[in-house]
J.: 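Structure incoming, see below.
For reference, positions follow the sequence shown, starting with 1.
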Amino acid sequence: MSTARLPLDGITVVSLEQAVAAPFATRQLADLGARVIKVERPGGGDFARRYDETVHGQSSHFVWLNRSKESVTLDVKTPEGREALERLLARADVFVQNLAPGAAARLGLSAAALAERHPSLVVCDISGYGSDGPWADRKAYDLLVQCETGVVSVTGSPEEPAKVGIAIADIAAGMYAFSGILTALYERRDTGVTRSVEVSLFEALAEWMGYPAYYTAYSGAQPPRVGAAHATIAPYGPYPASDGRTVLLAIQNEREWAAFCAHVLDDAALTDDPRFHRNSSRVARRAELDAIVTARFAELDADEVVTLLDRAGIASARLNTVEDFLAHPVLSGRDRWRDVDTPGGPVRALLPPATPRGLEPRMAPVPAAGEHTAAVLAELGLDGEGTQLAHKTPQSER
């Protein structure tokens with residue numbers, strides 16, 4: 001891939017961000033060439049920096065979400081810090097914030113207030129439950145939103161619900177913020193109209209609950225929890241092989257069911273067995289069907305099972321660990337890894353999944369807290385470390 005001009009070169013983003021949702025959105029903007037200036041608190045910065053110390057002494061969350069950014073420490077509650085922030089915003093195209101409920105408004109950084117001072121600035125607010133409504137002032141974290149949207153009620157085993165093991169509410173909100181910002185920039189370029197963008201963790205994850213919501217609303221019962229199996233398709237899930245490894249398979253239609261019976265189960269007569277002749281019947285008799293599949297797989301090791309499934313045209317997967325994922329042949333075979341510098345040392349990082357063909361995304365270092373403060377303040381005609389700023393001759397604001 002080339003190092004040609006990236007699509008967002010020339011776009012400047014200022015972000016008062018923390019944790020996952022906003023940093024995920026802005027990192028994707030940085031991947032595509034935007035200059036992202038991350039404004040952090042003096043004395044520690046983004047609290048996600050201290051979630052753990054596993055990556056050369058740094059947080060795994062922070063290293064994942066903050067490459068290619070410039071870190072500036074400002075106390076935005078002081079007049080000096082506010083002046084520096086205002087000068088940054090005057091030069092920016094996008095402002096992103098996911099502060100605690102009401103904090104942006106108290107700082108004079110609401111979308112409405114910023115539209116008056118900076119009418120061409122695209123403002124993106126990321127909150128837990130929205131900027132208005134009955135829960136506008138309620139704090140929200142990923143697990144809590146997974147619970148409120150019902151995700152936890154459809155995840156896990158029949159005996160116990162479970163959260164998803166990654167921060168899906170934050171990730172969903174970050175993805176929608178990213179796409180919303182791109183849409184707003186596109187509209188501003190083509191029409192001159194600047195719109196603000198609002199994303200809540202709750203509404204982002206609510207969108208992801210579409211299938212169980214429709215299923216429940218129109219069937220009268222929500223999909224059952226079935227562990228790693230599919231709640232409403234069978235056979236679709238994990239089965240142990242004779243060597244103790246687990247293979248997952250996915251039957252999507254009756255043609256695949258017939259091929260599975262004939263070439264994997266070695267029992268073509270099962271295709272038309274009235275117990276299993278359609279998906280709803282197989283789901284209703286899941287226990288009987290699972291017993292048949294399990295008995296057959298007990299005769300084969302995992303490699304033999306996958307070979308038969310491949311020959312039959314049935315999709316499958318192995319139940320990988322995270323270590324297995326890191327060594328996955330698709331990632332190495334498609335050259336998806338890059339080296340990224342961090343304050344503690346280099347790390348391997350995955351290329352962003354959606355990159356215009358032929359372009360190499362920006363994979364620049366993860367910043368130390370406040371690493372770029374002096375340089376950015378000098379650009380603004382200011383001097384200081386973000387809390388006590390002495391005036392210089394002002395430079396152009398745009």
Side-chain angles (χ1 to χ4, degrees), residues 11-19 21-23 25-26 29-30 34-50 62 66 69-128 131-132 136-137 139 177 181 184 194-198 367-398:
I11 295 295
T12 298
V13 180
V14 174
S15 189
L16 276 174
E17 60 180 28
Q18 55 197 359
T26 58
L29 296 168
R35 181 189 188 187
V36 176
I37 299 173
K38 180 184 181 81
V39 178
E40 302 189 65
R41 300 177 182 87
D46 182 345
F47 55 73
R49 288 182 178 274
R50 297 177 296 282
F62 193 87
N66 289 283
K69 300 179 185 179
E70 299 171 51
S71 172
V72 173
T73 50
L74 293 175
D75 184 349
V76 298
K77 295 181 179 179
T78 66
E80 297 86 359
R82 281 299 307 280
E83 180 181 353
L85 180 60
E86 283 297 316
R87 293 196 185 194
L88 281 174
L89 294 175
R91 296 165 174 239
D93 298 282
V94 179
F95 173 63
V96 182
Q97 70 85 19
N98 68 332
L99 302 178
R106 289 192 294 273
L107 291 168
L109 299 173
S110 68
L114 287 171
E116 293 183 0
R117 301 199 302 274
H118 308 291
S120 65
L121 183 68
V122 172
V123 177
C124 179
D125 296 317
I126 303 176
S127 63
S131 61
D132 55 15
D137 296 328
K139 286 186 176 181
I181 290 166
T194 303
R195 299 187 193 276
S196 61
V197 176
E198 182 178 1
E371 177 180 343
H372 302 92
T373 302
V376 171
L377 292 179
E379 288 182 40
L380 301 175
L382 299 168
D383 186 20
E385 297 300 321
T387 54
Q388 300 296 323
L389 303 175
H391 291 271
K392 287 185 174 180
T393 302
Q395 296 178 357
S396 171
E397 293 297 317
R398 292 293 294 180

J.: Between the side chains of D125 and Q97, does any donor sit under 3.5 Å from an acceptor?
T.: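 Yes - a donor-acceptor pair under 3.5 Å links their side chains.
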
J.: What is the minimum heavy-atom distance between V36 and A30, and which atoms define it?
T.: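 Heavy atoms only, the tightest pair is CG2-CB, 3.7 Å.
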
J.: So, taking the atom named OG in S15 and the one named CD1 in I126, what distance separates them when rounded to the nearest 0.5 Å?
T.: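 Answer for the OG-CD1 pair, S15 versus I126, is 7.5 Å.
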
J.: In Å and rounded to the nearest 0.5 Å, what is the CG to NZ distance from L85 to K77?
T.: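 The distance works out to 13.5 Å.
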
J.: Could you pull out the closest heavy-atom pair between E198 and S127, with the gap in Å?
T.: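 Smallest interatomic distance, heavy atoms only, reads OE2-OG, 4.2 Å.
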
J.: Would you check if F95 and L88 make a side-chain contact, meaning some heavy-atom pair closer than 4.5 Å?
T.: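 No, too far: nothing below the 4.5 Å cut-off.
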
J.: Grab the two heavy atoms, one from G370 and one from S71, that are nearest each other, plus how far apart they are.
T.: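 Answer, listing the atom of G370 first, then S71: N-OG, 2.8 Å.
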
J.: May I ask you to say whether E40 pairs ionically with K69, meaning some side-chain N is under 4.0 Å from a carboxylate O?
T.: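 Not counted as a salt bridge, because no side-chain N and carboxylate O are separated by less than 4.0 Å.
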
J.: Closest heavy-atom contact between V197 and A184?
T.: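 Closest approach of V197 to A184, heavy atoms only: CG2-CB, 4.0 Å.
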
J.: Show which side-chain atoms of residues 99-113 pair as donor or acceptor with protein atoms under 3.5 Å away, not counting sequence neighbours.
T.:
from : atom 1 : to   : atom 2 : distance (Å)
R106 : NH1    : G102 : O      : 3.4
S110 : OG     : A113 : N      : 3.1

J.: Would you give the length of the straight line joining atom CD1 of I37 to atom OG1 of T12, rounded to the nearest 0.5 angstrom?
T.: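 Nearest 0.5 Å value for the CD1-OG1 distance: 6.0 Å.
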
J.: Rounded to the nearest 0.5 Å, how far does CG of L380 lie from CZ of R91?
T.: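 R91 CZ to L380 CG: 5.0 Å, rounded to 0.5 Å.
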
J.: Locate the shortest heavy-atom distance separating A22 from V96; write the atom from each residue and the value.
T.: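 Minimum heavy-atom separation between A22 and V96: CB-CG1, 3.9 Å.
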
J.: Keeping the roles fixed (side chain from R117, backbone from L89), state whether a donor-acceptor pair exists under 3.5 Å.
T.: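 No; judged by distance alone, with no hydrogens or angles, the pair does not exist.
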
J.: CG of L74 to CZ of R82: how many Å apart, nearest 0.5 Å?
T.: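 It is 11.0 Å, given to the nearest 0.5 Å.
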
J.: Check whether Q18 reaches the backbone of N98 with its side chain - one donor and one acceptor, N or O, closer than 3.5 Å.
T.: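 Confirmed, Q18 side chain pairs with N98 backbone.
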
J.: In Å and rounded to the nearest 0.5 Å, what is the CG to CD distance from N66 to E17?
T.: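 Nearest 0.5 Å value for the CG-CD distance: 5.5 Å.
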
J.: What's the shortest heavy-atom distance between P367 and F62, and which atoms?
T.: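 For P367 versus F62, the nearest heavy atoms are O-CE2, 3.9 Å.
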
J.: Can a donor-acceptor pair be found, under 3.5 Å and without considering hydrogens, that links the side chain of H372 to the backbone of V72?
T.: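 Side chain of H372 to backbone of V72, a donor-acceptor pair under 3.5 Å: no, none is there.
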
J.: Check whether the side chains of K38 and T26 place a donor and an acceptor atom closer than 3.5 Å, and report yes or no.
T.: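 No, T26 and K38 have no side-chain donor paired with an acceptor closer than 3.5 Å.
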
